[in-house]
Amino acid sequence: MINVTEAAAQKAITLIDSNDSSSEGDLGLRMQVIGGGCSGFQYNLEFSGKKETDREYEFHGLKVFIDPRSSLYLAGSVLDYNDGLMESGFKITNPNAKNTCGCGESFSV
């Protein structure tokens, strides 16, 4: 299982609301691990609907979709959002990552 902080959920909901021109209302945040990056795997965050094989979670009113393969790599992870002077954006803290790159967007297990 993953966790999403209230700050991250609120920011994602704001972004979905500002970018969703459809009236479906079923968009959520897709968290995915894909091959690539300088450490072997990288995180991918996007707004989309639920796919048939996705696991669905809800945090602070935000729907989060994770495919089964990504669930293995993201177990125990925390998604946070920071809006500070020195650092702004979403950040994933992943206890499964043995090494991460300098930018924090890729990792190895």
Side-chain angles (χ1 to χ4, degrees):
M1 173 104 158
I2 61 146
N3 193 14
V4 176
T5 66
E6 187 171 356
Q10 292 301 321
K11 183 62 175 181
I13 290 169
T14 299
L15 290 170
I16 288 171
D17 289 346
S18 68
N19 291 317
D20 184 18
S21 59
S22 71
S23 59
E24 296 175 31
D26 61 350
L27 286 181
L29 178 67
R30 174 170 305 285
M31 292 181 68
Q32 208 173 16
V33 173
I34 57 177
C38 52
S39 295
F41 295 103
Q42 63 186 21
Y43 302 111
N44 183 47
L45 300 176
E46 65 185 25
F47 301 123
S48 72
K50 182 180 179 190
K51 295 181 181 175
E52 187 176 316
T53 58
D54 286 343
R55 294 180 183 166
E56 181 177 343
Y57 304 94
E58 187 166 329
F59 301 95
H60 310 285
L62 172 68
K63 293 178 190 175
V64 177
F65 308 123
I66 304 175
D67 65 86
R69 182 174 118 355
S70 295
S71 291
L72 299 172
Y73 295 107
L74 291 170
S77 294
V78 176
L79 176 67
D80 194 11
Y81 182 79
N82 185 2
D83 191 17
L85 265 179
M86 296 295 290
E87 180 181 39
S88 293
F90 290 98
K91 179 180 180 179
I92 298 173
T93 303
N94 186 344
N96 304 304
K98 301 296 183 218
N99 296 306
T100 59
C101 68
C103 66
E105 292 184 15
S106 69
F107 66 99
S108 64
V109 289

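This one's a predicted model, so the numbers in the text were calculated from it and none came from an experiment.
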S.K.: If you look at every heavy atom in S48 and R30, which pair is closest and at what distance?
M.R.: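 Taking every non-hydrogen atom into account, OG-NE, 3.0 Å.
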S.K.: Using the rule side-chain contact (heavy atoms from CB on, under 4.5 Å), only one of T93, V78, D80 pairs with N3; which is it?
M.R.: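 Of the listed residues T93, V78, D80, the side-chain contact (heavy atoms from CB on, under 4.5 Å) partner of N3 is V78.
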S.K.: In terms of hydrophobic clustering (I, L, V, M, F, W, Y; side-chain heavy atoms under 4.5 Å; direct or indirect links), are L72 and I34 co-clustered?
M.R.: no
S.K.: Between I13 and L62, which heavy-atom pair has the shortest distance, and what is it?
M.R.: CD1-N, 3.9 Å
S.K.: For the residue pair Y81 and F90, what are the closest heavy atoms and their distance?
M.R.: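 Distance-wise, the nearest heavy atoms are CD1-N, 3.7 Å.
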S.K.: Testing the basics here: between N44 and E46, what is the closest heavy-atom pair and its distance to 0.1 Å?
M.R.: ND2-OE1, 3.4 Å
S.K.: Mind listing the closest non-hydrogen atom pair of G76 and P95 along with its distance?
M.R.: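 Looking at all heavy atoms of both residues, the shortest contact is O-CD, 3.5 Å.
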S.K.: Do Y73 and F65 sit in one hydrophobic cluster, given that two such residues count as connected whenever their side-chain heavy atoms are within less than 4.5 Å of each other, even indirectly?
M.R.: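 No: no chain of side-chain contacts under 4.5 Å links Y73 to F65.
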S.K.: Do K63 and L29 pass the side-chain contact (heavy atoms from CB on, under 4.5 Å) test, and can you show the C-alpha distance, the side-chain angles, and the key distance before you say yes or no?
M.R.: CA-CA 6 Å; K63 293 178 190 175; L29 178 67; over 6 Å; no
S.K.: May I ask you to check whether over 12 heavy atoms, not counting those of K91, lie within 6.0 Å of atom NZ?
M.R.: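 No, NZ of K91 has 12 or fewer neighbouring heavy atoms, counting only those of other groups under 6.0 Å.
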S.K.: How about M31 and I92: do any of their side-chain heavy atoms sit closer than 4.5 Å?
M.R.: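 Heavy-atom side-chain distance check passes, below 4.5 Å.
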S.K.: Contact between Y57 and M1 at the side-chain level, heavy atoms closer than 4.5 Å - yes or no?
M.R.: yes
S.K.: When you look at K50 and D26, which way does the side-chain contact (heavy atoms from CB on, under 4.5 Å) test go after all the steps?
M.R.: CA-CA 8 Å; K50 182 180 179 190; D26 61 350; over 6 Å; no
S.K.: Mind checking the CZ-CG spacing from R55 to L74? Nearest 0.5 Å is all I need.
M.R.: 11.0 Å
S.K.: If every non-hydrogen atom of A9 is compared with every non-hydrogen atom of F59, which pair is closest and at what distance?
M.R.: CB-O, 3.5 Å
S.K.: Under 3.5 Å, side chain of D67 to main-chain N/O of R69, donor-acceptor pair present?
M.R.: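 Present.
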S.K.: Can you tell if the side chain of I2 reaches within under 4.5 Å of the side chain of L79, non-hydrogen atoms only?
M.R.: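 Counting from C-beta outward, I2 and L79 never come under 4.5 Å.
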S.K.: Would you compute the distance between atom CG of L27 and atom CG of L15 and round it to the nearest 0.5 angstrom?
M.R.: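 Here the rounded value is 12.0 Å.
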